[in-house]
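Only one structure is covered here, and it is reproduced in the block below.
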There are 2 protein chains.
Amino acid sequence: MPSSVQHELSRYPRTGRFLMGRLRSALTEGEKQLVEDVIEGEHHLGGGELIAHRGAECGSSSILIDGFAIRVIARGGQDHIVSLQVPGDFIDLHGFALKRLDHDIYTLGPAKVGLVSHARLSEVIGHQPHLARLLWFSTLLDGAIHREWICKLEELSAAQRVAHVFCEICRRLEMVGIEAHHGFSLPLTQAQLASMCGTTAVHMSRALRRLRNETRASFRHGRLDLPYPAALAAFCEYDASYLYGPGELQVAGDYDD
Amino acid sequence: MPSSVQHELSRYPRTGRFLMGRLRSALTEGEKQLVEDVIEGEHHLGGGELIAHRGAECGSSSILIDGFAIRVIARGGQDHIVSLQVPGDFIDLHGFALKRLDHDIYTLGPAKVGLVSHARLSEVIGHQPHLARLLWFSTLLDGAIHREWICKLEELSAAQRVAHVFCEICRRLEMVGIEAHHGFSLPLTQAQLASMCGTTAVHMSRALRRLRNETRASFRHGRLDLPYPAALAAFCEYDASYLYGPGELQVAGDYDD
DNA sequence: CGTTCCCTTGAGTAGTTTCAATACTTGTGG
DNA sequence: CCACAAGTATTGAAACTACTCAAGGGAACG
């Protein structure tokens, strides 16, 4: 882990990864401290536990400190995974403006989350328009990722879709300072991967075999091995610009006021 | 058109439909006036004109006053439609927090848009936390719609997907006070519908035929006729709660402070 | 050591794509 | 007002991708 990441995490153990690799640099130390202090409690959760429930009125939001989470929409008896969150993500900040969520959120494997009450958040934001705008920004990131998923579902084959999922998670982990370039642990079943890719578990098994043969990427027992990340990216024509990382689409300058 | 809608539009000709059917009731008359006044100019556009361009630094956003718009992501030579906007939508308010867009936005048929500079918006929002939160809310609505589209692409057949698109547009039009219950004009080609549904133009033609046979919904020459809206909704098991209209998920009370 | 969940494989079927040919619509200019 | 061109929609047939059902193998947990 780079020392700059280590430094950030030791100073802000709960929120050090928030917006890391995105616009964290636009936050002042004071603002970072405010975000850190707004977290009221820390929860250690097991795998498959419910973090937020569709329809329930939510008075607080959670930030994912460690582990993964998924958003799930139940439709016609079946559960559909519509997105995945990585550490540093403010999982259900939506709830702050939406009041009720249109989906459920579950942990994926053991996870640590921090809690923020909306009352407290409201208070802080009222005096901090710059911070408010960055929180807003962070919720729009999810929208950008959703759009890419729509695109992916509209265009790619099943094998390319999983490849895309793997590329995205890899990139997002690296953005928040987690080494993932040549593989990482990902506590998902093939059935869940299938759900994310709009296909069946049986077909997912075949898609993964194809991926192993053609790109050497192998997903086994909740772990992805990625000896040739570039091959995987080429396989699904992955372009990460929608993640608003450093480069093309990001305009940090405008937030530095 | 109900007289309440007429009244709102005569008072706020450019922004009268903003959040209508959603949380417009949570806006005070003063806030509505602020929103109306923040619009600096009005543009009349033809069909297929570019409203906002991917990657360009945007200093202003647009609200759709009349007509339709689509969000398009170019990927691998092909254009993919990832969402559709109806009157009253603040089309690219995203740009305010994101600074650059990850997609292009085009008009669909003739449209009227209002322009807001970000500098002006920033100024107003700084003093209006309640209004800021409702603007934030309006951008999260797009996210909720994106999630439903992901779900739709993951689960439904081609015919059900178009049905879903039709149901959604119908519902959204009615929410903002446009009569659409038994049909409406929708200047789309079958190829564009196919792009929204992740299928081909040829297959879309067959899907539409099936829809005509099974639900009496007929889409011809840019117009949808809907003698039995309930049949269409049943066909794709449509549940509009993700639109955060009055009911289940909406909590207006919390914004009435 | 066995139950359970997860993954893999095969064979048949359904849904979707592709290619190619034909018609319908709309707009333009003669 | 008609002819023409361009774009749009429909149809058929063959190929392909993905789904379903069903059975067997493997890993993990008690």
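Protein chains get the first letters and strands the later ones, always in sequence-line order, with residue 1 at the start of each.
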Exercise. Of A:Leu101, A:Ile105, A:Asp104, which meets side chain to side chain contact (heavy atoms under 4.5 Å, CB included) against A:His53?
Worked result: A:Asp104
For this session: Please test A:Phe166 against A:Leu193 for side-chain contact (heavy atoms from CB on, under 4.5 Å), starting from the C-alpha separation and ending with a verdict.
Result: CA-CA 10 Å; A:Phe166 290 156; A:Leu193 272 177; 3.9 Å; yes
Distance check needed: [N] [atom2] versus [X] [atom1], whole Å only.
X: B:Arg212; N: D:dT10; atom1: CZ; atom2: C1'; result: 9 Å
X: B:Leu208; N: D:dA9; atom1: CG; atom2: P; result: 9 Å
X: B:Met204; N: D:dT11; atom1: CE; atom2: P; result: 15 Å
X: B:Arg223; N: D:dT8; atom1: CZ; atom2: P; result: 20 Å
X: A:Leu156; N: D:dT17; atom1: CG; atom2: C1'; result: 14 Å
X: B:Asn213; N: D:dT10; atom1: CG; atom2: C1'; result: 13 Å
X: B:Glu154; N: D:dC19; atom1: CD; atom2: P; result: 12 Å

For this session: Using a 4.0 Å heavy-atom cut-off across all strands, classify B:Arg209 as base, sugar-phosphate, or nothing.
Result: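 Sugar-phosphate: the residue B:Arg209, judged by heavy atoms under 4.0 Å, touches backbone atoms but no base.
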For this session: Select base, sugar-phosphate, or nothing to describe what B:Ala201 touches, counting heavy atoms under 4.0 Å on all strands.
Result: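 Nothing, no nucleic acid heavy atom in range.
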Problem set entry | Any side-chain heavy-atom pair of B:Glu49 and B:His43 under 4.5 Å |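 Side chain of B:Glu49 against side chain of B:His43, heavy atoms only: no contact under 4.5 Å found.
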Problem set entry | 4.5 Å side-chain heavy-atom contact, A:Leu173 and A:Phe68 | yes
When you measure from the side chain of [X] to the backbone N and O of [Y], does any donor-acceptor pair fall under 3.5 Å?
X: A:Glu237; Y: A:Ala234; value: no
X: B:Tyr244; Y: A:Arg100; value: yes
X: B:Thr107; Y: B:Pro110; value: no

Problem set entry | Selection from D:dA18, D:dT20, D:dG12 that lies nearest to any side-chain heavy atom of A:Ser157 |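 Nearest to the side chain of A:Ser157 among the choices is D:dA18.
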For this session: Tell me which nucleotide among D:dA27, D:dA13, D:dT10 gets nearest to the side chain of A:His221.
Result: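 The closest nucleotide is D:dA27.
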Exercise. Can A:Glu148 and B:Arg75 be counted as an ion pair, charged N to O under 4.0 angstrom?
Worked result: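 Between B:Arg75 and A:Glu148 there is a salt bridge, with a charged N closer than 4.0 Å to a carboxylate O.
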Exercise. Is there a donor in the side chain of A:His181 and an acceptor in the side chain of A:Arg171, or the other way round, less than 3.5 Å apart?
Worked result: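 There is no such pair between these side chains.
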For this session: Give the first and the last nucleotide of DNA chain C, reading 5' to 3', that has any atom under 4.0 Å from a heavy atom of chain A.
Result: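 Contacts span C:dC6 to C:dA11, reading 5' to 3'.
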Exercise. With pairs taken as Watson-Crick or G-U wobble and both distances under 3.5 angstrom, which stems of at least three consecutive pairs involve DNA chain C?
Worked result: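 If one scans DNA chain C for consecutive Watson-Crick or G-U pairs, the stems found are C:1-5 with D:26-30, C:8-30 with D:1-23.
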For this session: Considering just the side-chain nitrogens and oxygens of B:Gln190, establish if one lies under 4.0 Å of OP1 or OP2 belonging to D:dT10.
Result: yes
Exercise. Can you tell me if the side-chain N/O atoms of A:Thr199 get under 4.0 Å from OP1 or OP2 in D:dC19?
Worked result: yes
Problem set entry | Position toward the 5' end of DNA chain D (nearest nucleotide), A:Thr200 or B:Leu188 |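 Here B:Leu188 is the residue nearer the 5' end.
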